[in-house]
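Here is the structure we will look at, set down as structure tokens.
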There are 2 protein chains.
Amino acid sequence: MSDDSWVPPLVMVAVDLVILTLRAAKLHVLLVERGVEPYLGELALPGGFLNNAEEDILDAAHRELSEEANLDSPRLHLEQLGTYGAPNRDPRGRVISVAYLAIAPGLPEPVAGTDAAGARWEPVEEVLSGCVKLAFDHHGILVDGVERARTKLEYSALATAFCGDTFTIAELQQVYEAVWGVELDLRNFYRKIQGVPGFIVSAGTDRRTTKGRPARLFRAGGLTALYPPLVRPGSSTADEGE
Amino acid sequence: MSDDSWVPPLVMVAVDLVILTLRAAKLHVLLVERGVEPYLGELALPGGFLNNAEEDILDAAHRELSEEANLDSPRLHLEQLGTYGAPNRDPRGRVISVAYLAIAPGLPEPVAGTDAAGARWEPVEEVLSGCVKLAFDHHGILVDGVERARTKLEYSALATAFCGDTFTIAELQQVYEAVWGVELDLRNFYRKIQGVPGFIVSAGTDRRTTKGRPARLFRAGGLTALYPPLVRPGSSTADEGE
DNA sequence: CGAATAGTGTCTATAAGACATTATACT
DNA sequence: AGTATAATGTCTTATAGACACTATTCG
């Protein structure tokens, strides 16, 4: 079975990014129009191969984030999602892709200065529902990425990664509502959020608008794990009765 | 930057397994003594390279599970843990390792008929504390695997994967206590477990012992996600005050 | 002072934590 | 009957869900 002259197969390693953000109170994902074969002209997650045999995978993810999305804030949330390695997922040969999940605060308008032909924010709903098709197995990767984000919102302070440096409690609530696709009670949300010490800390200032009472501004506290968690409603779906 | 003649670097892909089980009410991990360089003679997680360029990664994990641990029950829990790809993690060259977490029910005594020199169950505590050293970056992989198991016990029915086909509630409690390293109140545990419909279903029979009242036997229900979750005590560690 | 937006308080139901007793089988 | 192990019940406390009012700013 094991032969002295045997050598393991060599494969290409890609990094793909699920970059989520909030735009107009809806969850969006960054997609690029492919400029090369295969799937030329089709939509895909941003990503690419390792640059060289010495590049660390996480470094490659950061590099792609910078090259393809023009996003390179060191405070950007970036975590490994999973590795996708079906033998025929790429017609160019054996490619395994390490997927990362990135969360970005709502950005100005366009995603300029990118490497890929065209990069754009697409509502996640459009892609999950199948109205917008993705190249490779990227649909499955996106599904996993969105599910990860939904889950991590419950047990971690990930929601603040969707917000700018400072944000109001109402904005934070919009994050939860958009990612989970539910409506939350404003008063219970205030109580809950402020009951978790270290989740958000006051920024001291207010945000004034043309009308109405100014909203207090907060910034993310150092807390990463949320105890007790913020349980997503409607999860009580029992699988079987008895 | 992108040149027409450029080709991505080729790397070797390994699969490593964190196989956890319960032995004598303590959490154990399966380790093998390496029979080849590098790290010859040292302890490591079971694993190996992809067999050929057409082998699926998950299939490779199952194959290693069978070859190195003699475990191949199709009902065995096996899930991807993460991918470890630091450039210098393996002296043989660029190797990225896809780690899987496997949960096995308490097995008879030895892990016989294995491919590796010697395979044995080691208490997780011994390894996490550093008393037992592992080759490569396997210590970190084990840490992640144990943490994953601890977390999934809270929100999923993973605990039943540590048990045999049928089990008592007391045995299930031992799983939680061993993996979390805490003591749980027996009465609250009974109430909680039986309050989640579909988590465990009665197997009809009892388990008789020499002394005392027989315990009712259960088997795993179809449920995978636990709602509400079983929160691990002592998690309320606030990061900062104000 | 009215409109618009921000923030808080109360009541109720459900779940968690602490704790003592009853139940069944065997010798 | 005694012992050993299995299982259940109650009280208290905390947290979640439903719901209505007060507060601040601006024109």
Side-chain angles (χ1 to χ4, degrees), chain A residues 25 153-155 163 166-177 180 182-197 199-219 225-238, chain B residues 25 153-155 163 166-177 180 182-219 223 225-238:
Chain A
L153 242 54
E154 301 190 50
Y155 309 115
C163 300
T166 61
F167 49 88
T168 68
I169 295 194
E171 284 170 350
L172 192 63
Q173 181 176 346
Q174 279 185 13
V175 172
Y176 279 92
E177 294 185 328
W180 284 349
V182 298
E183 290 208 341
L184 297 176
D185 183 89
L186 180 145
R187 301 158 292 208
N188 295 336
F189 188 79
Y190 269 76
R191 169 160 47 85
K192 179 72 193 182
I193 293 300
Q194 293 179 317
V196 183
F199 185 11
I200 57 173
V201 297
S202 172
T205 54
D206 288 352
R207 167 174 302 170
R208 352 208 114 235
T209 51
T210 49
K211 284 283 173 198
R213 175 178 175 177
R216 302 189 66 193
L217 283 173
F218 295 85
R219 61 182 79 247
L226 242 52
Y227 283 99
L230 223 92
V231 214
R232 162 166 45 156
S235 314
S236 38
T237 328
Chain B
L153 242 54
E154 302 189 51
Y155 309 112
C163 300
T166 61
F167 51 87
T168 68
I169 295 193
E171 283 170 350
L172 192 64
Q173 181 175 347
Q174 278 185 14
V175 172
Y176 279 92
E177 294 185 327
W180 284 349
V182 297
E183 290 209 342
L184 298 176
D185 182 88
L186 180 147
R187 301 156 293 205
N188 294 336
F189 187 79
Y190 269 76
R191 168 160 50 86
K192 179 72 193 182
I193 294 299
Q194 293 179 319
V196 183
F199 186 11
I200 57 172
V201 297
S202 172
T205 54
D206 289 351
R207 167 173 301 170
R208 354 207 113 236
T209 50
T210 49
K211 283 285 175 197
R213 176 177 174 177
R216 301 188 67 190
L217 283 173
F218 294 84
R219 63 182 79 245
L223 202 75
L226 242 50
Y227 283 100
L230 222 92
V231 213
R232 161 167 44 155
S235 315
S236 37
T237 328

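Nothing here was measured: the structure is a model prediction, and the numbers come from that model.
Rounded to an integer number of Å, the gap from CD of B:Gln174 to P of D:dT5 is 13 Å. Rounded to an integer number of Å, the gap from CG of A:Asn188 to C1' of C:dA6 is 16 Å. The CD-P distance, from A:Glu171 to C:dG7, rounds to 11 Å in whole Å. Nucleotide D:dT25 holds its P atom 12 Å from the CZ atom of A:Arg216, rounded to whole Å. Atom pair A:Arg208:CZ and C:dA6:C1' shows a separation of 13 Å (rounding to whole Å applied). Between A:Arg232 atom CZ and D:dG17 atom C1' the separation is 18 Å, expressed in whole Å. Rounded to a whole Å, the CG atom of B:Leu184 is 14 Å from the C1' atom of C:dA18. Remark: C1' of C:dT5 and CD of A:Gln173 are 14 Å apart, rounded to the nearest angstrom.
Phosphate contact (OP1/OP2 of C:dA15, side-chain N/O of B:Lys192, threshold under 4.0 Å): absent. For B:Tyr190 and D:dA7, the shortest distance from a side-chain N or O to OP1 or OP2 is below 4.0 Å. Contact annotation: A:Lys211 does not reach the phosphate of D:dT25 (side-chain N/O to OP1 or OP2, under 4.0 Å).
Residue contacts for A:Arg191: at a heavy-atom cut-off of 4.0 Å it reaches a base atom on one of the strands shown. Nucleic acid contact for A:Leu186: base, since at least one base atom lies under 4.0 Å from a heavy atom of the residue. Counting any heavy atom pair closer than 4.0 Å across all strands shown, B:Thr168 reaches no nucleic acid atom. Residue contacts shown for A:Gln194 are limited to sugar-phosphate atoms, with no base heavy atom under 4.0 Å away.
Within 6.0 Å of CZ in B:Arg219 there are more than 12 heavy atoms belonging to other residues, nucleotides or ligands.
Judged by distance alone, with hydrogens and angles left aside, the side-chain atoms of B:Tyr176 form a donor-acceptor pair with the main-chain N or O of B:Leu153 at under 3.5 Å. Between the side chain of B:Asp206 and the main chain of B:Arg208, no donor-acceptor pair closer than 3.5 Å is present.
For the pair A:Leu230 and A:Asp206, both in contact range of DNA chain D, the more 5′-proximal nearest nucleotide belongs to A:Leu230. Map B:Pro214 and B:Arg187 each onto its nearest nucleotide of DNA chain C; the residue landing nearer the 5' end is B:Arg187.
Here the CG-CH2 distance, from A:Leu230 to A:Trp180, works out to 5.0 Å after rounding to the nearest 0.5 Å.
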*Carefully, step by step, assess B:Ile169 and B:Gln194 under the rule side-chain contact (heavy atoms from CB on, under 4.5 Å).*
CA-CA 9 Å; B:Ile169 295 193; B:Gln194 293 179 319; 3.7 Å; yes
